[in-house]
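Positions are given from 1 along the sequence.
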Amino acid sequence: MATVLVLVSTASSSMPLQKAQRKIADWLQIKKLAYEEVDGANREFAELRNKLWDIAGQRVYPLVFIKDGENYTFVGDYDAVEYLMESETFDSQFTNVTRVA
């Protein structure tokens, strides 16, 4: 089964960015989806961050992906994920993602 990967940044003190990152985590927890956060500001993850940015075609935070093995599928940025929640189509994007108890 796949998991959700969220590309975040802990280096920014931007309140809107922090709020967006927290809301995505909240939504994933509410939906009981297995997810991991990758801190793009951490040099240890620079190669993965750049790969994810290339897949997404944008260099912003947060970005949401579905990780299945070594394959990543881009779901969207904050606005796209918020739209999925508001339009009640969120669940259909994550059908193959592992659920947590």
Side-chain angles (χ1 to χ4, degrees):
M1 290 292 282
T3 60
V4 177
L5 185 141
V6 184
L7 182 63
V8 299
S9 175
T10 59
S12 176
S13 61
S14 162
M15 289 305 291
L17 175 62
Q18 290 176 10
K19 181 180 176 184
Q21 291 177 164
R22 183 72 241 151
K23 282 189 86 168
I24 285 181
D26 289 347
W27 291 329
L28 295 171
Q29 289 169 9
I30 288 166
K31 296 293 187 175
K32 299 188 182 317
L33 295 174
Y35 76 97
E36 65 179 294
E37 291 184 345
V38 171
D39 183 2
N42 184 331
R43 291 178 194 208
E44 177 183 340
F45 299 116
E47 186 175 327
L48 177 57
R49 177 202 62 211
N50 291 338
K51 177 180 179 177
L52 295 172
W53 278 346
D54 287 345
I55 292 168
Q58 51 187 309
R59 292 177 174 256
V60 299
Y61 298 104
L63 295 173
V64 177
F65 300 83
I66 295 174
K67 178 183 177 188
D68 192 358
E70 292 302 314
N71 298 316
Y72 299 91
T73 303
F74 180 54
V75 175
D77 61 7
Y78 173 79
D79 290 336
V81 175
E82 181 180 46
Y83 175 78
L84 293 174
M85 285 297 288
E86 290 178 355
S87 66
E88 298 181 7
T89 57
F90 184 95
D91 293 337
S92 66
Q93 295 294 311
F94 298 94
T95 55
N96 65 332
V97 173
T98 301
R99 305 283 172 167
V100 294

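Both F74 and F45 are assigned to one and the same hydrophobic cluster, defined by single-linkage of ILVMFWY side chains at heavy-atom distances under 4.5 Å. A continuous path of hydrophobic side-chain contacts links V75 to M85 [ILVMFWY only; heavy atoms under 4.5 Å].
Looking at Y61, Y83, W27 one by one, the single match for ring pair (Phe, Tyr, Trp, His ring centres under 6.0 Å) with Y78 turns out to be W27.
What you find for K51 and Y72 is that their closest heavy atoms are NZ-CE1, 3.8 Å. Nearest heavy-atom pair across L33 and F90 is CD1-CE2, 3.7 Å. Nearest heavy-atom pair, S92 versus T89, reported as atom, atom and distance to 0.1 Å: OG-O, 2.7 Å. Scanning all heavy atoms of the two residues, the minimum distance from A80 to G76 falls at CB-CA, 3.8 Å.
Of the inter-residue distances, the one linking Y35 atom OH with I24 atom CD1 reads 10.5 Å to the nearest 0.5 angstrom. Rounded to the nearest 0.5 angstrom, Q21 CD and D26 CG are separated by 12.0 Å. For the atom pair T98 OG1 and K32 NZ, the distance stands at 15.0 Å (nearest 0.5 Å). Atom CD of E36 sits about 11.5 Å away from atom CG of L28, to the nearest 0.5 Å. Separating the CG atom in N71 from the CD1 atom in I55 is a distance of 8.5 Å, to the nearest 0.5 Å. Atom CG of D54 sits about 10.5 Å away from atom CZ of R49, to the nearest 0.5 Å.
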Take I66 and V97 through the test side chain to side chain contact (heavy atoms under 4.5 Å, CB included) and record every step on the way to the result. CA-CA 8 Å; I66 295 174; V97 173; 4.1 Å; yes
Carefully, step by step, assess K31 and V100 under the rule side chain to side chain contact (heavy atoms under 4.5 Å, CB included). CA-CA 9 Å; K31 296 293 187 175; V100 294; over 6 Å; no
Side-chain atoms of residues 1-16: list all donor-acceptor pairs with protein atoms under 3.5 Å, sequence neighbours left out, distances to 0.1 Å.
{"unit_1": "S9", "atom_1": "OG", "unit_2": "A11", "atom_2": "N", "d": "3.3"}
{"unit_1": "T10", "atom_1": "OG1", "unit_2": "D39", "atom_2": "OD1", "d": "3.4"}
{"unit_1": "T10", "atom_1": "OG1", "unit_2": "D39", "atom_2": "OD2", "d": "2.4"}
{"unit_1": "S12", "atom_1": "OG", "unit_2": "S14", "atom_2": "N", "d": "3.0"}
{"unit_1": "S14", "atom_1": "OG", "unit_2": "L17", "atom_2": "N", "d": "3.3"}

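Enclosure of atom CZ in R43 is not indicated, since only 12 or fewer non-hydrogen atoms of other residues, nucleotides or ligands lie within 6.0 angstrom.
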